[in-house]
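For reference, the structure discussed in these notes is given below.
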Amino acid sequence: MCGIVGIASNKSVSANIVNSLKKLEYRGYDSAGLATLSNNLINEKKCSGRVEQLEKILFKAPAEGNLGIGHVRWATHGIPNEINAHPHSSEIVSVVHNGIIENSNNLKNQLEKKGLKFKSQTDTEVITLLLTEELKNKSPLDAVHETLKKLEGSFALGIIFKNFKDMIIGARRGSPLAVGYSTNENYLGSDSYALKSMTNKISYLDDGDICVLTKDNVEFYDFRKKKINKKVLLLSDDKNIAHKGDYKNFMSKEIFEQPIAIKNCINEYIDKSRDEINFYNFPIKPDSIDKIILVGCGTAYHSCLVAKYWFEEFTSLTVEADVASEFRYRNLKFNKNSLYLFVSQSGETADTAAALDLCKKNGVKTCSIVNVVESSIARNSDWVLPIHAGPEIGVASTKAFTGQMLLLYMLSLKIGNLRGDIERKYYQTKIINLKKLPDLLQNSLKTEDKIQLVAKDFLKSKGSMFLGRGFSFPIALEGALKLKELSYLHAEGYPAGEMKHGPLALIEDGLPVIVISPNDKYFQKTISNMQEVIARGGKILLITDSNDSVISENIRFKINLPHIEKSLSPFLTTIPLQLLAYHVALLKKCDIDKPRNLAKSVTVE
Ligand code: F6R
């Protein structure tokens, strides 16, 4: 992860570097730093903690200079303290780095044998010292080129040189990097989002590329140091980007934006007059698809798990769902007729991107479902389906999850329809019902008042369990993940039917157990599992749209959801679980938008 920004300008850069770093905090926020060039000196400022802290330091001791690089860190090598914060500078060169240098220990030993001393515990400092050595007899570009040859692993780099007061060099292998253009000013950034407030003209580096920026010019080189040209792309204008409005934090804004985000996505893909889903340019003719393989990480993976049930219901296809970090290392048999679907909000998740690359190398067709359309995963896929959720800033994914589910729901229906696996009438009824979803989501958000009461129960508990069957099993996993990441409470998601095979032993007096049981074919079975938990002292929060009176006995809280057609229930049952995680975290005074140890975009393995 980590975020990088660099600015070459004809005016002072530190304030703009700080502003861009604030936007990049979603990539890491355990330490921050910048380096500028002034009076022929590298001026380095860094700290542990947030960019806010760096801003305070700069207020007291400004960093002058018209050229600089900045960094927000998500620690991999070395604890998040000031010394390990980036940039890592020697007297003549300063480096910011995103990624992991896998052979850093070997390189470090070699450099130490030469008598060089390391200040930090990071892998990045190896790059600084290698460059310092190379710069003794080489130009900056040659020194960078030689240094990159020695590095194994993944990186995006921003580098400035004491003796070149109008030059930033950037390089990428495995981790994303973009260049932005303006008048008398050019930029380097981990992604377009970091640069959006300064320019709408950008180019992306490909793996192996190096760029050399001055305030008036940008040159690109490939891994052989051959000069190359890059396409300049115009970024879309997200006017409401990164404003919390009246909300306390981004997460609550994003939870409450779900009805509108879902409506936008429906409007993008559904032709309402014909009740038709518009997906064109399938990379494989739907008739010829023999299998669907869904890949993602974390919350995105949970959307894949829900989609497995939909594809199985609406198509005659075999479906697999896999976490990207496992998929990429499995001994897979690739099949040209299988459709490989990659789900990622950011489109930059390293494991998902690597799984996609693996598919490309094996010559199979890939489709990505992303929120960030300018992302690496989107650019590398044969077919891209954006979820149109708008920027998601809170680290915990909420509106992107429901957006991913919506896209996968529509795709499974469309493929089922095109293959003739479901009847046209059935297909169109599903679409008519889908159009009601935004209003039903809006109603589900009204459960917030009751959820606020429920949240208090969690403050005294050691942990909790989330149970469901069918579609509600992956929703249980997602509910548990949200609670863990936001409130740091142990939570486990389980298929309700599996409890008796072990986890029932965990149930003791007062343990909160969240049972997700919409009125579907599993309803009675889940309720029986719930009774088994009640009999052992579990304190139940039941989430359902059933009015069955039998189930109200011995339940501590019941959250009533609006009725919805059964296959759409995952959208509604998700809402109270997001609200629950949010309110428990709020009561515990946790940092809602930036939970500890996490980052929004996970660009390391
Ligand atoms: C959890 C969460 C993460 C992400 C995961 C994948 O709330 O946000 O589990 O879902 O890191 O990220 P993307 O979707 O960007 O690939």
Side-chain angles (χ1 to χ4, degrees), residues 1 3 24 26-29 74 175-176 190-191 193 249-252 254-255 258 294-307 321-328 341-357 366 368-381 384-387 389-408 466 474-475 477-488 491 493 574 577-582 584-585 590-605:
M1 356 259 227
L24 282 173
Y26 78 93
R27 302 177 72 96
Y29 39 80
W74 185 84
S175 303
S190 298
D191 58 27
Y193 184 53
N249 41 52
F250 282 107
M251 185 183 177
S252 56
E254 286 155 10
I255 291 176
Q258 288 178 105
L294 299 144
V295 183
C297 299
T299 290
Y301 167 63
H302 294 157
S303 76
C304 297
L305 286 178
V306 180
D322 213 342
V323 279
S325 54
E326 290 297 317
F327 179 93
R328 63 184 286 194
L341 291 166
F342 296 86
V343 185
S344 173
Q345 186 286 130
S346 61
E348 300 294 351
T349 301
D351 284 319
T352 314
L356 174 77
D357 280 349
T366 55
S368 64
I369 292 172
V370 293
N371 195 26
V372 183
V373 280
E374 294 104 354
S375 60
S376 313
I377 290 178
R379 282 181 286 119
N380 287 339
S381 311
V384 185
L385 298 173
I387 62 169
E392 189 181 68
I393 312 293
V395 164
S397 192
T398 51
K399 63 175 180 172
F401 177 62
T402 42
Q404 289 158 352
M405 288 202 295
L406 175 59
L407 224 304
L408 289 162
F466 290 69
I475 298 302
L477 293 178
E478 175 58 9
L481 175 62
K482 284 286 100 89
L483 189 69
K484 284 183 245 207
E485 67 174 326
L486 285 163
S487 68
Y488 321 142
T574 296
L577 299 181
Q578 292 174 342
L579 289 168
L580 177 67
Y582 172 76
V584 175
C590 297
D591 189 337
I592 305 260
D593 284 337
K594 295 191 177 87
R596 71 182 180 202
N597 305 339
L598 300 178
K600 183 71 181 156
S601 185
V602 187
T603 55
V604 291
E605 261 202 77

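On a predicted model such as this, the values are computed, not experimentally measured, just so you know. The basis for the numbers below is simple: all heavy atoms, side chains too, and nothing from hydrogens, waters or symmetry mates. Indexing begins at 1, ligand by ligand and atom by atom, following the structure's order.
E392 contributes a side-chain N or O that, together with a main-chain N or O of T398, makes up a donor-acceptor pair within less than 3.5 Å. N380 places no side-chain N or O within donor-acceptor distance of the main-chain N or O of L356, the cut-off being under 3.5 Å. Of the possible polar contacts, none joining the Y301 side chain to the L294 backbone as a donor-acceptor pair under 3.5 Å is found. Between the side chain of Y488 and the main chain of A585, no donor-acceptor pair closer than 3.5 Å is present. Looking at Q258, its side chain does come within 3.5 Å of a backbone N or O of I255 through a donor-acceptor pair. Here the side chain of S346 pairs a donor or acceptor atom with the backbone of E348 at under 3.5 angstrom.
For ligand 1, the atoms lying closer than 4.0 Å to a non-hydrogen atom of G298 are 9 (O). Contact atoms of ligand 1 toward S344: 13 (P), 14 (O), 15 (O), 16 (O) (distance under 4.0 Å to a heavy atom of the residue). Of all atoms in ligand 1, listed by their number and element, those nearer than 4.0 Å to a heavy atom of V395 are 8 (O). Listed by number with element, the atoms of ligand 1 under 4.0 Å from a non-hydrogen atom of A300 are 10 (O), 14 (O). Under a 4.0 Å criterion applied to the non-hydrogen atoms of K482, ligand 1 contributes the atoms 1 (C), 7 (O).
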Start with the C-alpha gap between V395 and D593, add the side-chain angles, then the distance that decides, and say whether side chain to side chain contact (heavy atoms under 4.5 Å, CB included) holds.
CA-CA 6 Å; V395 164; D593 284 337; over 6 Å; no
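The residue from S368, S375, S376 that alone fulfils the side chain to side chain donor-acceptor pair (under 3.5 Å) condition with S381 is S368.
Counting only heavy atoms of the protein, atom 14 (O) of ligand 1 lies nearest to Q345 N, 2.6 Å. Closest to atom 11 (O) of ligand 1, if we only count protein heavy atoms, is V602 CG2, 3.8 Å. Of the protein's non-hydrogen atoms, S346 OG, 2.6 Å is the one closest to atom 15 (O) of ligand 1. Looking from atom 6 (C) of ligand 1 to the surrounding protein, the closest heavy atom is C297 O, 3.3 Å.
Closest heavy-atom approach to atom 7 (O) of ligand 1 among the candidates E348, E485, E478: E485. Summarising the contacts of atom 16 (O) of ligand 1 with I377, T299, T349, the nearest heavy atom is found in T349.
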